[in-house]
Amino acid sequence: MPIITLSLPSTNPSSSFFHSSPKPFKFNLKSSTQLSTTTNTTSSLPKTSKVIIIGAGLAGLAAATHLNSRNIPFLLLESSNAVGGRVRTDIVDGFLLDRGFQIFITAYPEAQKLLNYQSLNLQKFYSGAKIFYNGQFHTVADPLRHFLDSAKSLTNPIGSIFDKLLIGTTRIGVLTKSDEQILTAEEVPTIDLLKKLGFSDSIIRRFFRPFFGGIFFDPELETTSRLFDFIFKCLALGENTLPANGISAIPEQLAARLPSDSILLNTKAVSIDFSSSDSPRVKLQNGDVLNSELGVIVAVEEPALINLLPGKINPVVKKPVRSTVCLYFTANQDQIPVQDPVLFLNGSGKGIVNNMFFVTNVAPSYSSQNKALISVSLIGLFKDESEDELVSKVIEELSDWFGGRMVKNWKHLRTYRIEYAQPNQCPPTNLKKNPTIEPGLYLCGDYLISATFDGALVSGRRAAESLLLDRAFIANAS
């Protein structure tokens, strides 16, 4: 979703399926869901590169893309067995399983510059949602894309007619602002913004909490109003989609454009040394040391920075990260209640399910066997509950939504517990953080800008630009 973010090396799946080989290997793309790898011996690793990038998530790939466009050689180090970071897809029993609930919004401005949407074969969601409240479903629809559905929903109990008209005026308000204005505006928690705008408690509880709470992994809506306005604007301008070959098709498309020997998988950086030269050196877990001529870009998640850069990162008051659990089920096509590509939200205020959807209704290619794939998302980690307990609770809860006779036939496929699904972006925030720690050392990641796909891509570009600008200044000064 939108990880959104939407977004998720930070996953904690309960299967040994994710344990990677200890040997590094070069990246060689074959398809968006299956990778072949060429194993490197330790001695064959290059010892020097112009730039070293640590982390091959979206931010690291964006930094590499920008350097590559300037013909700057680099090495992109990734500790896991594939690119993507949190944006990963697994193949399980013939199904494509994205690691957590993730939706790609086509209006992301940086993504429009970097990605080939046609090649991604984006599959669209219905522009709206069905909300479970008081024992039945109620539709909330985008009036510009589904006018009749929107008109019919004016009198439903999800909110007042005034609330629904207010959504339209709020939409106009964000469309009149530039992204720069939005990301630097005065901020309050999203919940405070919604109340200030005049939305009723009913529409906040029944629509905004499950919908934007699912995007931010924050049902209390404490996330900054800057991020709400940015996402609201993108939703107004674009479509919610899934790539036909899984969400990992996005990072894999970026990786496929880079030199084939520039990405080293299963290669973990453990420290960065500044002691011997102007440009830092990177020590690997296997003991090797790689030298950079121009600098190092660190594209790891925020919690990993303290260990990688001790003494370089100022301690900050730690905010709890945003976590989620995503459960997948499969069923025969006649065992699901609808064929529509729509997102279902829990507007009841009860239970543990926040949102769910029938994945194969959106993208039939997520199943190779003409079966339905079902994704169910919870907010939080539920550490005290076993996988079996969560499955049982979800089945019981969704039986109230769709009927026990149908839901009891669903087969649990896999559970993902994602501890770091998103950085916490409650106020106060700075969504325009400087990527430069010092000349030669740069950071990128969605925690520096907005916790979105787009924020990660922008931060990667800015880190690369800062490195090149610093080095050009140093060269001119000398």
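All values derive from a computational prediction rather than experimental measurement.
Expressed to the nearest 0.5 Å, how far CG of L197 lies from OG1 of T190 amounts to 10.5 Å. Note: L381 CG to I418 CD1 = 9.0 Å, rounded to the nearest 0.5 Å. To the nearest 0.5 angstrom, S160 atom OG is 7.0 Å from I203 atom CD1. L227 contributes atom CG, which lies 7.0 Å from atom CG of L431 (distance to the nearest 0.5 angstrom). In this structure, T360 OG1 and Q123 CD are separated by 12.0 Å, a value rounded to the nearest 0.5 Å.
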Please walk me through it: do N156 and K164 pass side-chain contact (heavy atoms from CB on, under 4.5 Å)?
CA-CA 10 Å; N156 71 26; K164 290 153 190 174; 2.6 Å; yes
Do L97 and V359 pass the side-chain contact (heavy atoms from CB on, under 4.5 Å) test, and can you show the C-alpha distance, the side-chain angles, and the key distance before you say yes or no?
CA-CA 9 Å; L97 305 186; V359 185; over 6 Å; no
Could you walk me through whether V321 and E302 pass the side-chain contact (heavy atoms from CB on, under 4.5 Å) check?
CA-CA 10 Å; V321 298; E302 192 175 16; over 6 Å; no
Do L378 and L327 pass the side-chain contact (heavy atoms from CB on, under 4.5 Å) test, and can you show the C-alpha distance, the side-chain angles, and the key distance before you say yes or no?
CA-CA 8 Å; L378 323 178; L327 300 94; 3.9 Å; yes
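For the pairing with F211, the side chain to side chain contact (heavy atoms under 4.5 Å, CB included) check across L343, V140, I131 returns one residue only, L343. Tested against T324, the residues F217, F101, F382 include a single side chain to side chain contact (heavy atoms under 4.5 Å, CB included) partner, F217. Of the candidates V394, L413, L398, L373, F329 forms a side chain to side chain contact (heavy atoms under 4.5 Å, CB included) with just one, namely V394.
The six-membered or imidazole ring of F357 lies away from that of F344, with a centre-to-centre distance of 6.0 Å or more. A distance below 6.0 Å separates the ring centres of F212 and F228. For an aromatic pair to be called close, the ring centres must be under 6.0 Å apart, and F199 with F208 satisfies this.
Residues L443 and L309 are in side-chain contact: their nearest non-hydrogen atoms beyond the backbone lie under 4.5 Å apart. Using a 4.5 Å heavy-atom cutoff, the side chains of Y420 and R322 are not in contact. In this structure, the side chains of F95 and Y328 stay at 4.5 Å or more apart for every pair of heavy atoms. Here the side chains of N370 and Q333 are in contact, with some heavy-atom distance below 4.5 Å. Between R417 and L390 there is a side-chain heavy-atom pair separated by less than 4.5 Å. Taking 4.5 Å as the limit, some side-chain heavy atom of L254 sits within range of a side-chain heavy atom of R257. Side chains of F74 and I52 form no contact here, defined as non-hydrogen atoms less than 4.5 Å apart. N346 has its side chain out of reach of N354: every pair of non-hydrogen atoms, C-beta onward, lies at least 4.5 Å apart.
Between the side chains of E187 and S225, no donor N or O sits under 3.5 Å from an acceptor N or O. Side-chain atoms of Q369 and S367 include no donor-acceptor pair closer than 3.5 Å. For the 3.5 Å distance criterion, the side chains of D163 and S200 qualify, holding a donor opposite an acceptor. Looking at Y133 and R206, their side chains do bring a donor and an acceptor atom within 3.5 Å of each other. Y447 and N424 are not linked by any side-chain donor-acceptor pair at a separation below 3.5 angstrom, with hydrogens and angles left out of the test. Defined by atom type and a distance below 3.5 Å, a donor-acceptor pair is missing between the side-chain atoms of T452 and D454.
In this structure a side-chain-to-backbone donor-acceptor pair under 3.5 Å is missing from S79 to T267. A donor-acceptor pair under 3.5 Å is absent between the side-chain atoms of Q102 and the main chain of I247, judged by distance alone. Between the side chain of N81 and the main chain of N266, no donor-acceptor pair closer than 3.5 Å is present. One N or O on the side chain of K319 and one on the backbone of C426 form a donor-acceptor pair closer than 3.5 Å. Put simply, the side chain of E78 gets close to the backbone of A56: a donor and an acceptor are under 3.5 Å apart. Although no hydrogens or angles enter the test, the distance criterion places a donor-acceptor pair under 3.5 Å between the side chain of Y442 and the main chain of G440. Judged by distance alone, with hydrogens and angles left aside, the side-chain atoms of N116 form a donor-acceptor pair with the main-chain N or O of Q118 at under 3.5 Å. Side-chain atoms of S466 come within 3.5 Å of backbone atoms of R462 as a donor-acceptor pair (strictly under, hydrogens ignored). Of the possible polar contacts, none joining the N355 side chain to the G214 backbone as a donor-acceptor pair under 3.5 Å is found. Put simply, the side chain of N121 never gets that close to the backbone of A244: no donor and acceptor are under 3.5 Å apart.
For A141, the side-chain contact (heavy atoms from CB on, under 4.5 Å) partners two or more places apart in sequence, or in a different chain, are Y126, T139, H146, D149, S150.
Annotation: Y117, atom OH; neighbour count of heavy atoms from other residues, nucleotides and ligands within 6.0 Å is above 12. Within a 6.0 Å radius of NZ in K50, other residues, nucleotides and ligands contribute 12 heavy atoms or fewer.
With Y416 as the aromatic partner, R99 does not meet the cation-pi criteria of under 6.0 angstrom to the ring centre and within 45 degrees of the ring axis.
A salt bridge does not link R88 to D98: none of the charged side-chain nitrogens sits closer than 4.0 Å to a carboxylate oxygen. Using a cutoff of 4.0 Å between basic side-chain nitrogens and carboxylate oxygens, R226 and E186 are not scored as salt-bridged.
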Check residues 168-180 and write down every donor-acceptor pair under 3.5 Å in which the side-chain atom is one partner and the other belongs to a residue at least two apart or another chain.
unit_1	atom_1	unit_2	atom_2	d
T169	OG1	L166	O	2.9
T170	OG1	L166	O	2.8
R171	NH1	D142	OD1	2.9
R171	NH1	D142	OD2	3.2
R171	NH2	D142	OD2	3.4
R171	NH2	A236	O	3.1
T176	OG1	G173	O	2.7
S178	OG	Q181	N	3.0
S178	OG	Q181	OE1	3.4
D179	OD1	K233	NZ	3.0
E180	OE1	K432	NZ	2.7

Validation: residues 61-69 side-chain donor-acceptor distances under 3.5 Å, sequence neighbours left out:
unit_1	atom_1	unit_2	atom_2	d
T65	OG1	L61	O	2.8
S69	OG	H66	O	2.6

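Across S459 and D446, no two heavy atoms sit closer than the pair OG-N, 4.3 Å. Closest approach of E252 to V83, counting heavy atoms only: CG-CG2, 4.1 Å. Taking both residues in full, the closest heavy atoms of L235 and R145 are given as O-NH1, 3.5 Å, listed atom of the first, atom of the second, then distance. The nearest pair of heavy atoms linking D218 to E222 is OD2-N, 2.6 Å. Nearest heavy atoms, S248 versus N245: OG-O, 4.4 Å. The two residues P109 and C234 have their closest heavy-atom pair at CD-SG, 4.5 Å.
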